[in-house]
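Each remark here refers to the structure printed beneath this line.
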Amino acid sequence: MPFTHLIIFLIAFPVSSSGGKWTYNGPHGENHWPKHFPYCGGAFQSPINFQRELQRYDPGLLPVQLQNYNLSSSEQLTLSNNGHSVQLSLSPRMYLSGLPHRYSAAQLHFHWGSPNVLAGSEHTVNGKQFAAEMHVVHFNSGKYPNITMALDKSDGLAVLGVLIEVGEFNPAFEQFLKYVNGIKYRDQKIQVPAFNIRDLLPAHLDEYYRYDGSLTTPPCYPSVLWTVFRHPVTISLRQYLALATALFSSHAQESAPMPMLGNYRKPQLMDNRVVLVSFQEGWGLHGPLSVASPMHRKLVIQQLLNGDLADLADEGLQQLLPKIKRKPWAPKKWKSNQSHLQWSQVTEKQQRSRMQENNPSVWKNPDTSPYMGKLGVNEDELCFISLEKNVSFQLRKHHRDSEMVHTLRKAVFPELNLRSYLKCKSDLDMQTIKYLLHTRPTEDADELEKTLAKTTKKERQRAMSQNHGPALTKLTGQFQVTGLKNAYNMIPTNHKSEPIEFED
Ligand SMILES: *[C@@H]1O[C@H](CO)[C@@H](O)[C@H](O)[C@H]1NC(C)=O
Ligand SMILES: *[C@@H]1O[C@H](CO)[C@@H](O)[C@H](O)[C@H]1NC(C)=O
Ligand SMILES: *[C@@H]1O[C@H](CO)[C@@H](O)[C@H](O)[C@H]1NC(C)=O
Ligand SMILES: *[C@@H]1O[C@H](CO)[C@@H](O)[C@H](O)[C@H]1NC(C)=O
Ligand SMILES: [Zn+2]
């Protein structure tokens, strides 16, 4: 950067430039990260807990394709202790395909628990924490020249997450674990022969969780397209202990050595994100209920969020279950071609009042409403164009930038979430309906939930007695994996010149 800019940078960010120190515990632990790294207190953070209710099956998610992962042993990789983890550099010839861009490999590293507590994964599945987790970090080389440039861009990184359990011995892990005694202390590194990196990943690459999140270490940029494989790999207890006992986060010359353990961040808020999954869970009661089209789904969700629930329970129930309904779709409140207009009026008004509660002075003038929401003619299109960009613009204009995260969380993400539901090809299921109903803790909601469960059960029995399962999924429309993130392309760049120390 030009010299004058550097001066300004140093004056403006004295804390950030000297604030590289962070740990997993104590006075520099994760609760304190946001002081020096504001994004860590921001939105769309990782890791998260993969909760069944917030998952949507997306049949468009193809198996992850690894290119050039089989490295030759004549090649050398750098194994290092960076004070937070053990890291293996990777060949830039390795890349992922099948994603919206080409993502080239940069490094892989690990998170783990302690010698006596085998719980150190970052992502958790229905609350379950695994023994450890591996992250294979890639950057968008189709768009950025190197990882430094990609790090703070919303489409900058793609990370593969592998959950690790203690069980059978894993020969692939031995290929670097046998060298960790050579990098016991911070900033030590050695060269090791390369191997087939594919062998570190689970056998099945077709079943995974996909969501938009962040680096799990400072500076926590929300720049990661996450792919976490559903199936864990195993390592032996001895191999686990090699990670959990051999390494120190302190330098060799420090008098008080700090063991490197428990180097994981706890699960973060969902911020109304939806996790897409490439696999279908069993067809239990939680299985999908089909909704005929995006437009119908739109109406159903809207009705669940804001409609008259008593009305739904009385007579509108069939509308929630279009696949097993007997009469044609004819909602009382949204008739034929008027539906677009009414829907958008309802939401815009409600959204605006919600915004006003949060930021009274910013949203006072209805003519400067940030809501550009409009329903397209095409029923797949619910395009709240640049909603969050406009919000940030409005906040800056009123010098209320500090409320950005709060406002996004409270007012914008619910809308984006709704959009991602609506754009998603998979269908509403009972869990989702329940989830939406729980935002309305009224007797009507309870009543509707009960009736719904009863009807579903009856319908299932009927379908089963006819000896063919209920119609399961009908897929319509196009869903874009990165829709949410593209909409949120607003990471300012004023921190990008910090000395960057990150793991993923
Ligand atoms: C990886 O490459 C080696 C030679 O470099 C070859 O012997 C081996 O079969 C390859 N493995 C796979 C899975 O392709
Ligand atoms: C990354 O690319 C930018 C722009 O080309 C360049 O200025 C910078 O020095 C590069 N950084 C590294 C670490 O290679
Ligand atoms: C449909 O829209 C047209 C104009 O856009 C209007 O004239 C017509 O009455 C509408 N039909 C119904 C059933 O509302
Ligand atoms: C925000 O929305 C208003 C209308 O409500 C529009 O006039 C303005 O151009 C938008 N601003 C940006 C930055 O998109
Ligand atoms: Zn990581």
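Predicted model only: the values in this text are computed from it and were never measured. Atoms within each ligand, like the ligands themselves, are counted from 1 in listed order.
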Exercise. Say whether H251 and D187, considering side chains only, have a donor N or O and an acceptor N or O under 3.5 Å apart.
Key: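 There is such a pair (donor and acceptor under 3.5 Å, judged by atom type) between the side chains of H251 and D187.
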Exercise. Scan side-chain atoms only and decide if Y211 and S46 contain a donor-acceptor pair under the 3.5 Å cut-off.
Key: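 Judged by distance alone, the side chains do pair up.
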With a distance cut-off below 6.0 Å to the six-membered ring centre and an angular limit of 45° from the axis, does [X] pair with [Y] as a cation-pi contact?
X    : Y    : value
R198 : Y69  : no
R230 : F279 : yes
K266 : Y264 : no

Self-check item: Donor-acceptor pair, side chain of E133 and main chain of V162, under 3.5 angstrom
Solution: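 Between the backbone of V162 and the side chain of E133 there is no qualifying donor-acceptor contact (under 3.5 Å).
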Starting from the Zn ion (ligand 5), look over the N/O/S atoms of [X] and name the nearest one.
X    : result
H109 : NE2
H111 : NE2
H135 : ND1

For [atom], what's the nearest protein heavy atom and its distance?
atom                    : result
atom 6 (C) of ligand 1  : N70 ND2, 4.3 Å
atom 12 (C) of ligand 2 : N146 ND2, 3.3 Å
atom 5 (O) of ligand 2  : P145 CG, 3.8 Å

Exercise. Give yes if a backbone or side-chain nitrogen or oxygen of S72 is under 3.5 Å from a nitrogen or oxygen of ligand 1, and no if not.
Key: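 Such a contact does not occur with ligand 1.
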Quiz item: Does the N or O separation between T148 and ligand 2 drop below 3.5 Å for any pair?
Solution: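 For ligand 2, there is no N or O atom that lies under 3.5 Å from one belonging to T148.
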Practice problem: Identify which one of F110, W112, W226 satisfies the ring pair (Phe, Tyr, Trp, His ring centres under 6.0 Å) criterion when paired with H135. | Solution: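 Checked F110, W112, W226 against H135; only one passes ring pair (Phe, Tyr, Trp, His ring centres under 6.0 Å): W226.
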Quiz item: If you measure from NE2 on H231 to CD on E165, what distance do you get to the nearest 0.5 Å?
Solution: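 Answer for the NE2-CD pair, H231 versus E165, is 11.5 Å.
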Verify [atom]: protein non-hydrogen atom under 4.0 angstrom away:
atom                    : value
atom 9 (O) of ligand 1  : no
atom 2 (O) of ligand 1  : yes
atom 14 (O) of ligand 2 : yes

Practice problem: Any atoms of ligand 2 less than 4.0 Å from a non-hydrogen atom of M149? List them with their elements. | Solution: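 Those atoms are 1 (C), 2 (O), 3 (C).
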